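Quick notes on the structure that follows.
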There are 2 protein chains.
Amino acid sequence: MRTERRTPLNRARVLDAGIALADTEGVDALTMRRLGGTLGVEAMALYNHVANKEDLFDGMLDRVAEEITLPDVDLPWRDYARARAVSAHTTLMRHRWAAAMWTARISLGPARMRYMDGALRSLREAGFPAGLLDLTYHAIENHIVGHALQAQGFPLEAAEMTAMGEGFLRTFPTDRYPDLAAHIRHHLDHPTGDDFEFGLDLILDGLERMRAVT
Amino acid sequence: MRTERRTPLNRARVLDAGIALADTEGVDALTMRRLGGTLGVEAMALYNHVANKEDLFDGMLDRVAEEITLPDVDLPWRDYARARAVSAHTTLMRHRWAAAMWTARISLGPARMRYMDGALRSLREAGFPAGLLDLTYHAIENHIVGHALQAQGFPLEAAEMTAMGEGFLRTFPTDRYPDLAAHIRHHLDHPTGDDFEFGLDLILDGLERMRAVT
DNA sequence: ACCTGAACACCGTTCAAGT
DNA sequence: ACCTGAACACCGTTCAAGT
């Protein structure tokens, strides 16, 4: 049985395979050799399509950014900000490894530039003055990334989550840290965790109030 | 010239050396061999004091948590939350590598447990009901971590920052992303970035309002 | 143009051996 | 009790060589 010669690699296929590997096995499992393996190719072949591992991550990140739905530019700023934040949040939940790189990397691809520029434009057109605008943008963005990073510590499956928590609480010094114990128990009872939109609306409400004043 | 026999290693010295190395050279430069080198010891000797690299990071993180000043428990919740958030923020700015691990790791040492338990206790005693309390805690925490992660992408020195930005803007498609370009320019003009407290107060104000209602 | 083999300078970690 | 040498199974990356 002869294995068919695969269609030649290209950058997009390398990036997508990288995302798939990081999604399923974790970002630590993403090595050039393993990534090559999933594509039926030696590790060195990847260097024809990405400059190095940094460039690979930057490319993966921008491809993730493409998955974020940018709202209609004519929406009121609050609806625009809310819709884009929710979409960014959903996307980062699908690709949890991306959270730690999301704002920490300076290198921006076109999709991330569109994302940022659109958000900033919406705020400016809503009348946020220069200084407040940048603070506003970061307040929202920090919440998105902070939440995604927090979610990273938890397993994806609810059952797995419960098992982890039970084992955790068994050895936990509940009497010394009663409030923390209650907090952990709360996480076990509410594994879905819709607290993203709670914090988001808190921020958006505050921003609307500030905008009205200035 | 004979080198004096050093006082034997212990866990605290290993952790502190790890923090110092990560602070100065970046977390990627923190390898067991290099860390051993800074302590005048072979890499393998470290395994007498930390179980493995995971354990090393967990230990370092808890030592960082010790640097956070926990406010007086008798303070009103808003003052407590604000003081602890500002102290956590200052600490994470000193140890930027810690941001990505801060909430993503489940393994908690005693210092982080004290930090979390104290924060949760203050909110509970202020009358936040069970459900709201956990949302509140995360809203604040997400902001701290989100901001720290965002700061990670920027160099520490103002001069270095300006140089980076100038080079960045030179090749930047300003006409295609005018609002993003303005945002970057804003970052260059305000390298200090006191936007942490802006977002923090936004959240705290919103929380106080919710607490008053319930 | 794209891929591979061999090689280099690293990693984390184990373990028997030293003091 | 603490440290080391040697070793193992990996890394990212370069480069000459193959098709």
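Keep in mind it's a predicted model, so treat the numbers as computed, not measured.
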What residue among B:D16, B:L30, B:V27 forms side-chain contact (heavy atoms from CB on, under 4.5 Å) with B:M60?
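Single side-chain contact (heavy atoms from CB on, under 4.5 Å) partner of B:M60 among B:D16, B:L30, B:V27: B:L30.
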Given B:Q150, B:M93, B:H89, the one that forms side-chain contact (heavy atoms from CB on, under 4.5 Å) with B:F196:
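Result: among B:Q150, B:M93, B:H89, B:H89 is the only option passing the side-chain contact (heavy atoms from CB on, under 4.5 Å) with B:F196.
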DNA chain C: A:H49 or B:A51, which has the more 5' nearest nucleotide?
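Checking each residue's closest nucleotide, the 5'-ward one belongs to A:H49.
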Could you say whether A:L46 or A:R33 is positioned toward the 5' end of DNA chain C, judged by the nucleotide with the nearest heavy atom to each?
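Going by which nucleotide is closer to the 5' end, it is A:L46.
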How many whole angstroms separate atom [atom1] of [X] from atom [atom2] of [N]?
X: A:L35; N: D:dC10; atom1: CG; atom2: C1'; value: 16 Å
X: B:K53; N: C:dC10; atom1: NZ; atom2: P; value: 15 Å
X: A:D55; N: D:dT13; atom1: CG; atom2: P; value: 10 Å
X: A:L56; N: D:dG12; atom1: CG; atom2: P; value: 10 Å
X: B:E54; N: C:dT13; atom1: CD; atom2: C1'; value: 13 Å
X: B:L39; N: D:dC2; atom1: CG; atom2: P; value: 15 Å
X: A:M32; N: D:dC10; atom1: CE; atom2: C1'; value: 15 Å
X: B:M44; N: D:dA1; atom1: CE; atom2: P; value: 22 Å

Nearest to the side chain of [X] - [options]?
X: A:E42; options: C:dG12, D:dG5, C:dT4; value: C:dT4
X: B:N52; options: D:dT13, C:dT13, C:dC3; value: C:dT13
X: A:R34; options: C:dC11, D:dC11, D:dC15; value: D:dC11
X: B:P8; options: D:dC3, C:dC3, D:dG12; value: D:dC3
X: A:Y47; options: C:dC3, D:dG12, C:dC11; value: D:dG12
X: B:A45; options: D:dT4, C:dC3, D:dT13; value: D:dT4

For DNA chain D, what string of dots and brackets results from 5' to 3' when Watson-Crick and G-U pairs need both distances under 3.5 Å, crossing pairs get [ ], and pairs with another strand get |?
||.|||||...|||||.||
Determine whether a donor-acceptor pair (N or O, by modelled atom type, separation under 3.5 Å) exists between the side chain of A:R96 and the backbone of A:A151.
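Yes, because the side chain of A:R96 sits within donor-acceptor range (under 3.5 Å) of the backbone of A:A151.
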So, B:D62 side chain and B:A111 main chain: donor-acceptor pair closer than 3.5 Å or not?
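Side chain of B:D62 to backbone of B:A111, a donor-acceptor pair under 3.5 Å: yes, one is there.
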Are the charged groups of A:R33 and A:E42 less than 4.0 angstrom apart, N to O?
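So A:R33 does not pair with A:E42 through a salt bridge.
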Tell me whether B:D23 is salt-bridged to B:R94, with the criterion being a basic N under 4.0 Å from an acidic carboxylate O.
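Judged by the 4.0 Å cut-off on N to carboxylate O distance, B:D23 and B:R94 do not form a salt bridge.
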Centres of the A:H183 and B:H138 rings: under 6.0 Å?
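Yes, the ring centres sit under 6.0 Å apart.
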